[in-house]
Amino acid sequence: MTKAQPELQLVVSEIAEEMRRRPDRGEVATYIPELARADPQSFGLVVIDADGHVAADGDSETPFSIQSISKVFTLTLALGKVGDRLWRRVGREPSGTAFNSIVQREREQGIPRNPFINAGAIAVTDVILSGHQPREALGEILRFLQFVGQDTSITIDEAVAASEQRTGFRNRALANYMKSFGVLENPVDFTLGVYFHHCAIAMSCRQLATAGRFLAHLGRNPDTGLSVVQPERARRINALMLTCGHYDGSGEFAYRVGLPGKSGVGGGILAIAPGKASIAVWSPGLDPSGNSHLGRIALELLAKRLGWSIFGA
Ligand code: GLN
């Protein structure tokens with residue numbers, strides 16, 4: 001059973017207060033120059049339980065760059081488009097390497113390890129793009145986020161997208177390398193344009209927690225009753241989030257938090273407590289693996305205090 005709302009709100013507020021006071025805030029990402037403008041003092045936390053009760057604290061309504069959290073939603077869309085054929089283009093194993101690692105590409109003949117490392121996410125974006133113009137593919141991704149996030153005001157931060165377009169040399173290298181193995185069907189610049197823009201979608205913790213609800217409830221938003229994916233697919237996306245959602249920090253995240261989660265270098269994390277809640281946290285300072293430092297700590301405390309780890313107490 002989910003805690004009653006006042007109790008849940010109390011836990012959320014306590015954790016937010018503890019996080020605000022902590023001096024260790026991690027390092028804001030600077031390799032995408034526009035992200036370096038984020039304020040490391042920002043902190044937001046939103047939990048939406050099975051009944052739709054919202055417990056929120058901090059900067060929960062401030063949009064931030066969701067970056068790699070978008071990969072959960074592009075994966076969902078690509079699976080909807082091509083089903084299990086997607087797994088010919090991308091694997092399902094944890095990488096044990098950084099999100100933007102290049103070394104594995106050569107060893108594995110261009111097929112990326114999983115849909116959440118950059119190479120895998122670029123391959124997934126390429127699948128969504130095939131048969132469309134980049135603008136249409138991007139529109140489809142954005143509309144999907146507006147639909148699951150239940151907010152048509154969700155938009156792309158063009159400054160962040162432009163900043164990554166200008167400086168994304170490593171992603172360009174990854175994409176060109178995959179193209180040489182025939183893993184990408186579309187022109188590299190088209191695929192990367194869509195990828196950079198979906199990473200630059202800006203959402204608040206509240207919008208993100210809303211968007212994750214179908215993953216917490218067997219593929220269906222329990223409020224609207226609208227089914228987004230089949231229960232089996234929701235379960236599998238959660239499994240990938242647990243094993244691969246934090247790159248080479250995935251083991252540590254599972255060990256400490258015990259929930260499926262997906263991080264982004266904007267400092268957000270979407271975490272799923274299956275059957276119980278969808279959770280979004282935002283703190284822009286990152287740990288050395290590129291995952292939100294305080295975001296992970298906040299989720300660890302939350303899962304512990306509410307007994308929400310999927311592995312039990
Ligand atoms: N857009 C970022 C990149 O490709 C996403 C990385 C991330 O959030 N981990 O580098």
Side-chain angles (χ1 to χ4, degrees), residues 26-38 63-75 90 94-102 104-105 112-126 128-129 134 138 141-142 145 156-178 184 188-203 208 240-241 243-250 252-253 261-271 280-293 295-296:
E27 298 291 326
V28 169
T30 53
Y31 78 100
I32 301 173
E34 195 64 22
L35 294 182
R37 294 157 54 103
F64 59 89
S65 194
I66 65 168
Q67 290 297 319
S68 287
I69 305 171
S70 62
K71 297 169 183 177
V72 173
F73 302 96
T74 52
L75 171 64
V90 61
S95 67
T97 57
F99 64 90
N100 56 5
S101 168
I102 288 189
Q104 237 162 22
R105 300 282 67 69
R113 269 286 170 108
N114 67 63
F116 294 149
I117 52 171
N118 284 11
I122 291 167
V124 167
T125 302
D126 188 72
I128 295 172
L129 176 57
L138 191 58
I141 297 166
L142 183 60
L145 274 163
I156 295 169
D157 185 331
E158 288 294 341
V160 172
S163 184
E164 192 168 7
Q165 288 266 29
R166 272 196 306 275
T167 57
F169 301 110
R170 187 182 272 255
N171 282 326
R172 219 159 255 131
L174 286 172
N176 278 301
Y177 199 67
M178 285 193 287
L184 302 185
V188 166
D189 282 344
F190 284 18
T191 302
L192 282 176
V194 177
Y195 171 80
F196 291 148
H197 280 80
H198 75 61
C199 286
I201 290 172
M203 291 170 77
L208 200 55
L240 287 161
M241 289 170 74
T243 53
C244 310
H246 283 73
Y247 317 109
D248 45 346
S250 298
E252 185 71 4
F253 189 84
K262 182 73 207 82
S263 67
V265 288
I269 302 175
L270 171 66
V281 61
W282 173 51
S283 172
L286 308 178
D287 66 20
S289 302
N291 303 312
S292 175
H293 173 68
R296 199 267 294 146

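In listed order, ligands and their atoms are each counted from 1. Owing to the predicted nature of the structure, the values given are computational and were not obtained by experimental measurement.
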TODO: Decide yes or no for L240 and L75: does some side-chain heavy atom of the first lie under 4.5 Å from some side-chain heavy atom of the second?
DONE: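 Yes, side chains in contact.
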
When you check ligand 1 against the protein, what N or O pairs turn up below 3.5 Å? List the atom names and distances, or just say none.
from, atom 1, to, atom 2, distance (Å)
ligand 1, 1 (N), Q67, OE1, 2.5
ligand 1, 1 (N), E164, OE1, 2.9
ligand 1, 1 (N), E164, OE2, 2.8
ligand 1, 4 (O), N118, ND2, 3.0
ligand 1, 4 (O), E164, OE2, 3.0
ligand 1, 4 (O), N171, ND2, 2.7
ligand 1, 4 (O), Y195, OH, 2.7
ligand 1, 8 (O), S68, N, 3.1
ligand 1, 8 (O), S68, OG, 2.6
ligand 1, 8 (O), V265, N, 2.8
ligand 1, 9 (N), S68, OG, 2.9
ligand 1, 9 (N), Y247, OH, 3.1
ligand 1, 10 (O), Y31, OH, 2.5
ligand 1, 10 (O), N118, ND2, 3.2

Working to the nearest 0.5 Å, report the span between [atom1] of [X] and [atom2] of [Y].
X: L208; Y: I66; atom1: CG; atom2: CD1; answer: 6.5 Å
X: K71; Y: H198; atom1: NZ; atom2: NE2; answer: 7.5 Å
X: F253; Y: I269; atom1: CZ; atom2: CD1; answer: 5.0 Å

Task: Under 3.5 Å donor-acceptor, S263 side chain and N291 backbone - done: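 Flag not set: sc S263 to bb N291 has no pair under 3.5 Å.
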
Open item on the list: For D157 and S65, which I'm curious about, is there any donor-acceptor pair between the side chains at under 3.5 Å?
Closed with: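 Short answer, no.
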
